[in-house]
Amino acid sequence: MKYKKLEQTWRWYGPNDPVSLQDVKQAGATGIVTALHHIPHGEVWPLEDIRERKAIIEAAGLTWSVVESVPVHEAIKTRRHDAEHYLENYRISLRNLSQCGIKTVCYNFMPVLDWTRTQLDLEMADGSKALYFDWIDLAIFDLHILKRENAEADYNSSILKRANEKFATLNEAELQDLRINVLMGIPNEKEIELETLRASINEYAAIGTQGLKENLKFFLNAIAEVCTEEGIKMTIHPDDPPYPILGLPRIVSTLEDFEYIINEVNQAFNGVCFCTGSLGAGMKNDTLAIFNAVKERVYFAHLRNVKKDDDGSFYEADHLGGDVNMFEIMKALTEENAKREQPIPFRPDHGHQMLDDLAKHTNPGYSAIGRLRGLAELRGLEVGVTGNY
Ligand code: DNO
């Protein structure tokens, strides 16, 4: 097999990111993954803002490879009466991006909340800090902070018992931290309020899982023409974690979900952001099998690892540690990449807060050194599995 190199990318939150473009270059990435986080969800991304961001990236000798994300407004996900307005804005943003030569777009279809963790500083044995999702803490949030009606029904008795026992030991500050962690979103973007979350939970209860699937198809069909004309590849990010949480439906969590999404709108633009960490957190997910089922539509990859316990709680492990066999994934990814004209971009997704970063203010999961380590390991793994030196 004639291997080509994957494209090594790095998520950068823009000029306010404590990690500079110079740092990114030193880490060895060539592509940037970014978004215009200052633009409120649903509004058009103006050409001039896109051009400005692109110029900053290029002045540093890097390329803007992927947009992560152009957020899908809640009005579209829930198909509210004003959905058409937001779809039109989305199409205009896509055309503007395309005009600037940016053709790969990541998005998600998770209701209200993007990724969810309950703790952002779980200490590892080596003293570095990792992100953690603990079902017991999520249950505490659900039952005692959000106070969702009938929440008990969504947890087994063992989790409920341990959650109630732990709740009795928590003080106000600890509960406050838990609330902030669960509601935390994307840096530089608006936080979700508890009240908004409650209202959304009711709205999505009426929509249900099948309704949300229909709304995703509605979205994809509405942008299909623009994407095809412009050569834009949309990549849907899996649910993180890949389970329904807080009573919200989830539709991008399993092999069956991906097959459904691809088959229902079976057009080349409808692609996948293959995130090993999100998928690897699913107790029943075989991450490699999911890759093999959707590989032709994988236009972007997030490589990271997770370590699960028997309850399904998980922490983010080293890139080459944890439950996902990164060696097998890298073999499959590089084999698929060998067939492509354009290399598949991947980024070292998240990293531990470690070394000097422990004393710095960093975006959770997105400190420099942990990702630098991840990228270095993944780059070495790629050379190792392909022999393409
Ligand atoms: C977390 C990220 C997600 C992802 C979005 C894509 O680190 O992987 O926030 O960017 O879900 O829309």
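Read the numbers this way: they start at 1 and go in the same order the structure lists the ligands and their atoms.
Residues Phe109 and Met234 are members of one and the same hydrophobic cluster, defined by side-chain heavy-atom contacts under 4.5 angstrom among Ile, Leu, Val, Met, Phe, Trp and Tyr.
Of all heavy-atom pairs between Thr34 and Gly14, the closest is OG1-N, 3.9 Å.
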List, one per line, each side-chain donor-acceptor pair under 3.5 Å for residues 319-328, sequence neighbours excluded.
residue	atom	partner	partner atom	Å
His319	NE2	Asp349	O	3.4
His319	NE2	His350	O	2.9
Asp323	OD1	Lys307	NZ	3.1
Asp323	OD2	Lys308	N	2.9
Asp323	OD2	Lys308	NZ	3.2
Asn325	OD1	Phe327	N	3.1
Asn325	OD1	Glu328	N	3.1

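Within the model, atoms CG of Leu131 and CZ of Arg304 stand 8.0 Å from one another, a figure rounded to the nearest 0.5 Å.
Between Glu225 and Arg95 there is no salt bridge, since none of the side-chain N atoms of the basic residue sits less than 4.0 Å from a carboxylate O of the acidic one.
Within 4.0 Å of ligand 1, counting heavy atoms only, the contacting residues are Arg11, Glu68, Ser69, Cys106, Tyr107, Asn108, Met110, Asp114, Trp115, Ile186, His237, His302, Arg347, His350, Tyr366.
Results of the side-chain contact (heavy atoms from CB on, under 4.5 Å) test with Phe133 over Val182, Asp240, Leu138 single out Leu138 as the only residue that passes.
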